[in-house]
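What follows is one structure encoded as structure tokens, with my remarks underneath.
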Amino acid sequence: MAIPVILASKSKARRDVLFHAGIRPTIRVSHVDEAAVVVNTAAQQGISPDDMTTRERVPLLARAKAAAVYRDYLAISATAATAVGEQHVSRPLDDGFGTIAETTTIREALAEHRGMTDAMAGPLIIGCDSMFELDGVPYGKPHTVEHARERLRLMRGRTGTLWTGHCVIDAATGRMVSRASHAEVTFANYSDDDIERYIATGEPLEVAGSFTLDGFGGAFIDGIQGDPSGIIGLSLPLTRQLVGELDIAWTDLWNLDRNTQQGADTINSEWETPKENVLQPGDGFIDCACGRKHWGLNGAAGVLLARRDAETGEITDVLMQHRALWSAEGGTWGIPGGAIADGESPLEGALRESFEEANIRPENITVVGSYLEDHGPWGYTTVFAFEKPGHTVEPRANDDESLEIAWIPFDKVKDLKLLTAMKTDWPRFEERLRHIAATYVA
């Protein structure tokens with residue numbers, strides 16, 4: 001099995017560079033405050049942020065992004081490692097819905113599903129950051145039309161340097177390596193009309209230096225000295241070298257079969273997802289023996305999180321997701337969750353998805369049980385969890401898959417317009433949560 005790769009960036013350009021090199025990465029957004037990283041590091045070094053060179057900045061920011069994703073990964077690993085309770089398994093196609101066919105401990109269930117945290121190598125976390133330098137001045141993303149226009153006029157007919165910082169972390173060992181790549185870019189003497197029409201595409205506003213090689217802007221680049229993929233945002237030669245320094249073969253990262261894999265943005269979808277959504281390894285529909293299509297090539301999982309009264313231990317609220325209108329059964333309520341990524345265990349997938357969708361930070365919860373509805377080639381794992389004593393989960397819709405994320409009074413859940421599967425399962429989930437709450441001691 002290939003060593004999983006996590007790209008700490010939602011950049012489609014970087015993702016596509018890896019994809020066309022035979023690697024389909026899992027995407028994890030770092031949410032790093034880049035300006036704060038530069039200011040804090042400069043203060044530690046006793047210099048002004050303006051005195052930090054572009055060559056110093058880009059690997060610094062690449063390390064910060066990779067490290068942020070690594071910390072989130074470690075938090076998921078720690079919570080998964082301390083999970084307790086039973087896993088109940090239902091095989092409705094054999095025994096009927098609601099019939100418990102098997103009961104085991106979560107620890108035994110995990111032993112059957114080795115996840116990313118059990119790997120001897122990887123996953124590899126890749127962080128990148130790019131800046132364009134002209135006349136010694138670094139330029140990031142312009143964000144506004146005015147800044148883009150000013151920079152494009154300054155750049156035309158001239159040569160500047162595109163710097164890209166790279167960091168690779170082996171999550172299995174914690175080893176980290178990082179360096180920067182650079183390439184000289186010479187621009188055409190394009191016209192003011194070219195600039196205006198280029199800006200109208202929207203492309204230059206959110207890319208380093210206000211240009212791309214692999215998009216509308218590529219036609220206005222007359223020459224490159226250096227690595228072209230580094231200009232796109234991820235240098236393949238440098239990344240391969242860094243992976244090698246971690247004693248991992250680049251070819252061990254290949255996870256695409258050109259004869260069977262779908263394109264980077266192609267999927268058999270029953271509904272229209274927002275175009276900016278990034279498909280992950282494991283995303284897709286599977287034809288099930290029950291006659292329906294289910295989301296998740298490796299199955300799917302989510303977290304049913306409960307809040308308890310500090311004095312009595314009784315459940316007061318559960319955290320629910322009001323599903324986006326574009327999603328399956330849009331407008332209904334369910335739990336935050338989604339497709340299990342390649343290499344993940346169902347528990348890891350549930351913890352990651354609930355964090356990404358609802359801001360359920362894994363360090364704030366304790367896993368106390370699970371329920372697997374097993375359809376054979378596909379299954380959905382519901383992970384039961386409590387807030388840790390003294391910890392508070394602050395729900396937030398982190399992406400466009402939710403209309404809202406909210407704490408719902410425990411006895412009011414049944415009154416919501418529930419997702420069909422949740423409506424079927426809720427009476428049993430309610431009973432089991434009450435039982436766990438009565439017997440579990442934190």
Inset, instruction - Over 60° means perpendicular and under 30° means parallel, so classify the ring planes of Y73 and Y70, tilted if in between. - result: parallel
Inset, instruction - Taking W378 for its side chain and A289 for its backbone only, find out whether a donor-acceptor pair lies under 3.5 Å. - result: no
Legend entry - Cationic N near anionic O, under 4.0 Å, R307 to E387: yes
Inset, instruction - Could you point out which residue of F429, W426, F384 forms a ring-ring contact (aromatic ring centres under 6.0 Å, His included) with Y371? - result: F429
Legend entry - F211 and F187 aromatic ring geometry - parallel, tilted or perpendicular at 30°/60° bounds: perpendicular
Legend entry - Test: R24 cationic atom under 6.0 Å from F19 six-membered ring centre, within 45° of axis: no
Inset, instruction - Inspect the contact between D247 and R175 and indicate whether a charged nitrogen and a carboxylate oxygen are less than 4.0 angstrom apart. - result: yes
Legend entry - Any donor-acceptor N or O pair under 3.5 Å, side chains T104, E86: no
Legend entry - Residues T420 and E329: side-chain donor-acceptor under 3.5 angstrom: yes
Inset, instruction - Return the set of residues passing ring-ring contact (aromatic ring centres under 6.0 Å, His included) with H182 (not counting sequence neighbours), or none when no residue passes. - result: W163
Inset, instruction - Describe, in one word, how the ring planes of W295 and F285 are oriented to each other, choosing from parallel (under 30°), tilted (30 to 60°) and perpendicular (over 60°). - result: perpendicular
Inset, instruction - Could you please spell out the steps behind the side chain to side chain donor-acceptor pair (under 3.5 Å) verdict for T239 and R179? - result: CA-CA 9 Å; T239 306; R179 277 200 300 281; over 6 Å; no
Inset, instruction - Check side-chain contact (heavy atoms from CB on, under 4.5 Å) between H31 and all other residues, then give those that pass, not counting sequence neighbours. - result: V29
